[in-house]
Amino acid sequence: MVLKLLLGVYMCGVIAAAFLYAPPALGLGELSRIIYFHVPLAWVGVLAYLRSMLSSIAYLRKPRPLLDYQAAFNAEIGLVFTLLATVTGAIFARHTWGIYWNWDPRQTSIFVLLLIYAAYFILRSSLEEGETRGKLAAVYCIFAFVSVPFLVFIIPRVYATLHPDPIINPGGKLNMNSQMLQVFLASLVGFTGLYYWLASLGTRIFQLGEEEEMEDE
Amino acid sequence: MNDLYIVLIVTMLAWLGIFLYLLRIEGQLKKLERRQ
């Protein structure tokens, strides 16, 4: 509980630092502050998809309902955070490109990613609960994750895009001044903590439900 | 008031809302876990 309270205070500090401590980026002005939320949101999305894929692999090895649930719950977290990253990206686009959505390669690839994971939930909801559904969903989830590196990291770098240069440029260096970098890394840590909290809440809710079912029997 | 401060306050309130909601879920979960 103490750690969770600390996370709450820490994130308040990160938000305050993003607006008051970090300087605005050259050429982008105050709007550049959205980076402290947009990139960590996308990062948590990828992290959740990765965990979803790992749970799916574990489920195929040993079909336990908890693993199936973890795969689905993490995919849900991933979908919500990717959606939030898309919305914050669209806000940035509105103020720099003059339009919320213009099918830029970065926007198109994230849209395809959202569709792939939306299809995962359609697949799950169209099948009866049980081992067959778990296995089919697990196989789909593993294939869905294979597309993540291509859609998030490769395609937007191959095609010409209006999106600002990725944080880590092709030379492998971070193009940020030290104050911005401090806030950026602090935000990444905070969002990662938030993700672990959300994931653990999901697991505990499932375990409680299972114990209740066992008691009923 | 400066737009920057308005966005800061809105973001902070949004986070506090999410955080308090998560704490509430955490508290209720703890209660249920103790009962079991």
Side-chain angles (χ1 to χ4, degrees), chain A residues 1-24 29-34 36-38 40-41 77 80-81 84 87-88 91 95 187 190-191 193-216, chain B:
Chain A
M1 195 65 172
V2 181
L3 271 179
K4 282 144 198 169
L5 288 171
L6 274 178
L7 178 72
V9 178
Y10 176 84
M11 284 301 279
C12 286
V14 167
I15 293 168
F19 287 94
L20 305 173
Y21 174 68
E30 302 293 357
L31 197 68
S32 61
R33 298 179 196 281
I34 210 164
Y36 307 117
F37 307 99
H38 173 70
L41 284 168
I77 296 178
V80 170
F81 277 77
L84 289 172
V87 170
T88 50
I91 293 169
H95 291 277
S187 180
F191 272 89
L194 176 64
Y195 161 67
Y196 277 106
W197 186 10
L198 286 173
S200 82
L201 278 179
T203 304
R204 283 163 59 199
I205 289 171
F206 179 82
Q207 283 169 336
L208 262 179
E210 267 211 326
E211 279 168 24
E212 227 166 69
E213 265 177 33
M214 279 167 72
E215 274 175 21
D216 288 345
Chain B
M1 206 204 288
N2 189 329
D3 282 352
L4 191 70
Y5 290 104
I6 296 173
V7 180
L8 165 63
I9 292 166
V10 171
T11 313
M12 195 70 91
L13 287 177
W15 163 246
L16 286 175
I18 294 166
F19 177 64
L20 291 176
Y21 188 66
L22 286 175
L23 271 189
R24 203 173 143 224
I25 296 174
E26 180 76 36
Q28 284 176 340
L29 259 180
K30 279 239 162 83
K31 234 190 256 174
L32 285 169
E33 281 168 345
R34 240 178 274 139
R35 220 182 278 170
Q36 287 195 341

Q: For residues B:Thr11 and A:Phe19, report the shortest heavy-atom separation together with the two atoms involved.
A: OG1-CZ, 3.7 Å
Q: Between B:Asp3 and A:Glu30, is any pair of side-chain heavy atoms under 4.5 Å apart?
A: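 Contact flag for B:Asp3/A:Glu30 side chains = no.
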Q: Given heavy-atom pairs under 4.5 angstrom as the criterion, report whether the side chain, backbone, both or neither of A:Ala18 touches chain B.
A: neither
Q: Report the distance from atom CD of B:Gln28 to atom CG of A:Leu201, rounding to the nearest 0.5 Å.
A: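 One finds 11.0 Å between CD of B:Gln28 and CG of A:Leu201.
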Q: Is A:Tyr21 atom OH crowded by more than 12 heavy atoms from other residues, nucleotides or ligands, each under 6.0 Å away?
A: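 It does: A:Tyr21 OH has more than 12 such atoms within range.
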Q: In residues 12-22 of chain B, which residues are in contact with chain A at a heavy-atom separation under 4.5 Å?
A: B:Met12, B:Trp15, B:Leu16, B:Phe19, B:Leu22
Q: Between atom CD of B:Glu26 and atom CG of A:Leu5, what is the distance when rounded to the nearest 0.5 Å?
A: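 Result: 9.5 Å between the selected atoms.
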Q: Which bit of A:Leu20 comes within less than 4.5 Å of chain B, counting heavy atoms only: side chain, backbone, both or neither?
A: side chain
